[in-house]
Novice: 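Can you keep this structure in mind? I'll have questions shortly.
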Amino acid sequence: ERNIALDPTYNNVAYEVVRKHPLDHHNKELVEQLSLIEKQREIDGEARSALSYRRAISALISYPRKIRSWREAKKIKGVGDKIARMIREYLKTGTIQAAETVANSSRFLITSHFASIYGVGPTTARDWYGKGYRSLEDVLDAEGDTLSNVVKMGIELFPDFQQKMTRKDVEEIVEVLKEVLRGIAEGFVICPVGGYRRGKEINGDCDVVITHPEEAKTKNLLRQLVDALKAQGYVKHVLWYGEGHEKDQVSELRLQSGKKNSFDHLSKAFTGFRQPSTGINRQVDLIISPQSLYACAVLGWTGSKQFERGLRNWCKYGGVAAGHTFKGGYHFASHGLFDRRTNKRVHVETEEDIFKFLKLEWADPTLRNA
Ligand code: CTP
Ligand code: MN
Ligand code: MN
């Protein structure tokens, strides 16, 4: 038997699903400064460093009071020595020099601007910066003809996509989707997920999971829905389109994610969606799930990204939470929870079922802001 307490993986992974991460927490300014450094590390391709900041940030979000001393910070699992020293500096001076440096770095400002365009990742952003481009005009002048269609769309939609959405904006779009779905058939269920479900007031996009009690009704739904949205003038841009479970038999879905799809086996389309009341193009991510995968789809698309990371690690390695031991040996994906040994899917009806199965206490979506 493996000693979980001594397992370094467990020591580093378990807490995002065990701790509570409310939007309103006690260390906001500190988290803001560390987030800036985390973002810079991410854009500079320093994945390991970025991850250690994200872990510390999650730990601070869940910390039940304002941190008052370095000693206190050092004791928190997830906060390493280096970040603890930054916290000491913050407590002493009110700022973190490394965060100030990032905030004033024109390289960071420009590469993060590039990387916020849909279809442009950190590698392309750094590449453009390295070629001497300092604005989108520079990029278009030099590379206009060679850019992929997705990046062209990303640049076209950028002025709209950078405008944040309120909860009302999300709700308006969900109502439109309900109406369009009713035009296809009765009985569709639509669940707004992502940051909206976690209670965020301000959202980058609108993510929805759509299902139907009859499994057959979700087959080919993505095609029908996107076609209807185009025909009715809501969608002009499709940034990503991928059919998943429509191709594979749901019962055949295995542990491995689709390589081409890169994330999961669910059918999904990322669209530019013209919001009626404002005329602004919003990013709307449509995820279609057959009823049998719905619980996993909703859990997997609610996030946050760091919560999902913790969840996957918990499934794989197990851990101890509130006195209950979970042995691990499972794989979580938005298209199912799998036994790693047999590759068989565990049948779960609801999110609550999944938490129970994993021996985790229920975490309200608003506490998943890790
Ligand atoms: N997700 C995923 N695979 C992707 C993109 C997203 O599994 N390729 C899941 C993640 O769990 C993520 C959630 O969907 O947390 C929502 O993603 P996203 O819209 O990017 O982030 P939000 O948390 O909703 O934040 P924002 O307001 O910026 O949209
Ligand atoms: Mn989102
Ligand atoms: Mn999204």
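Numbering of ligands and ligand atoms starts at 1, following listing order.
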Novice: Kindly confirm or rule out a cation-pi arrangement of Arg368 over Trp362, judged by NZ or CZ under 6.0 Å from the six-membered ring centre and within 45° of its axis?
Specialist: yes
Novice: Could Arg182 and Phe188 be counted as a cation-pi pair, given that NZ or CZ must be under 6.0 Å from the ring centre and within 45° of the axis?
Specialist: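 Relative to the ring axis of Phe188, which defines the angle, Arg182 lies outside at least one limit.
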Novice: Could you tell me whether Phe357 and Tyr330 have their ring centroids closer than 6.0 angstrom?
Specialist: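 Centroid separation for Phe357 and Tyr330: below 6.0 Å.
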Novice: Hydrogens and angles aside, do Gln306 and His21 bring a side-chain donor and acceptor to less than 3.5 Å of each other?
Specialist: no
Novice: Do we get Arg55 above Tyr15's six-membered ring, with its NZ or CZ under 6.0 Å from the centre and within 45° of the axis?
Specialist: no
Novice: Measure from atom 23 (O) of ligand 1 to every heavy atom in Arg198, Lys305, Lys164, Lys268 and give the option owning the shortest one.
Specialist: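 It is Arg198 whose heavy atom sits nearest to atom 23 (O) of ligand 1.
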Novice: Backbone or side chain, does any N or O of Ser334 fall under 3.5 Å from an N or O of ligand 1?
Specialist: no
Novice: With a 3.5 Å distance limit and no angle check, can you tell me whether Asp264 reaches the backbone of Ala333 through a side-chain donor-acceptor pair?
Specialist: no
Novice: How far is atom 13 (C) of ligand 1 from the closest protein heavy atom, and which atom is that?
Specialist: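 For atom 13 (C) of ligand 1, the nearest protein heavy atom comes out as Trp301 O, 3.3 Å.
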Novice: Of the protein's non-hydrogen atoms, which lies at the shortest distance from atom 10 (C) of ligand 1, and what is that distance?
Specialist: Gly300 O, 3.9 Å
Novice: Below 4.0 angstrom from a heavy atom of Ser304, which ligand 1 atoms are there? Numbered from 1 as shown, please.
Specialist: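 Answer for ligand 1: 15 (O).
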Novice: Among all protein non-hydrogen atoms, which one is nearest to atom 24 (O) of ligand 1, and what is the separation to 0.1 Å?
Specialist: Gly195 N, 2.8 Å
Novice: Any idea which atoms of ligand 1 are less than 4.0 Å away from a heavy-atom of Glu308?
Specialist: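 Checking each atom against Glu308, I get 11 (O).
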Novice: Tell me which part of Asp205 gets within contact of ligand 1: side chain, backbone, both or neither, using heavy atoms under 4.0 Å.
Specialist: both
Novice: Report the C-alpha distance between Ser116 and Gln162 in whole Å, list the side-chain angles of each, state the deciding distance to 0.1 Å, and finish with yes or no for side-chain contact (heavy atoms from CB on, under 4.5 Å).
Specialist: CA-CA 8 Å; Ser116 62; Gln162 97 190 127; over 6 Å; no
Novice: Mind reading off the angle at the Mn ion (ligand 3) between the OD2 atom of Asp205 and the OD2 atom of Asp285, rounded to 10°?
Specialist: 90°
Novice: Distance to 0.1 Å, residue and atom name: give those for the protein heavy atom nearest to atom 25 (O) of ligand 1.
Specialist: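 In this structure, atom 25 (O) of ligand 1 has Lys200 NZ, 3.5 Å as its nearest protein heavy atom.
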Novice: Is there side-chain contact between Arg107 and Arg126, with at least one heavy-atom pair below 4.5 Å?
Specialist: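 Yes, at least one pair of side-chain atoms sits under 4.5 Å.
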Novice: Among the N, O or S atoms that Asp207 has, which is closest to the Mn ion (ligand 3)?
Specialist: OD1
Novice: Of the protein's non-hydrogen atoms, which lies at the shortest distance from atom 8 (N) of ligand 1, and what is that distance?
Specialist: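 Here the closest protein heavy atom is Phe263 CD2, 2.7 Å.
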Novice: Which protein non-hydrogen atom lies closest to atom 15 (O) of ligand 1, naming both residue and atom, and how far is it?
Specialist: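 Nearest protein contact, heavy atoms only, for atom 15 (O) of ligand 1 is Gly303 CA, 3.1 Å.
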Novice: N/O to N/O below 3.5 Å, does that happen between Phe270 and ligand 1?
Specialist: no
Novice: Take Glu89 and Gln97, measure what side chain to side chain donor-acceptor pair (under 3.5 Å) needs, and give me the verdict at the end.
Specialist: CA-CA 8 Å; Glu89 182 191 348; Gln97 192 50 52; over 6 Å; no
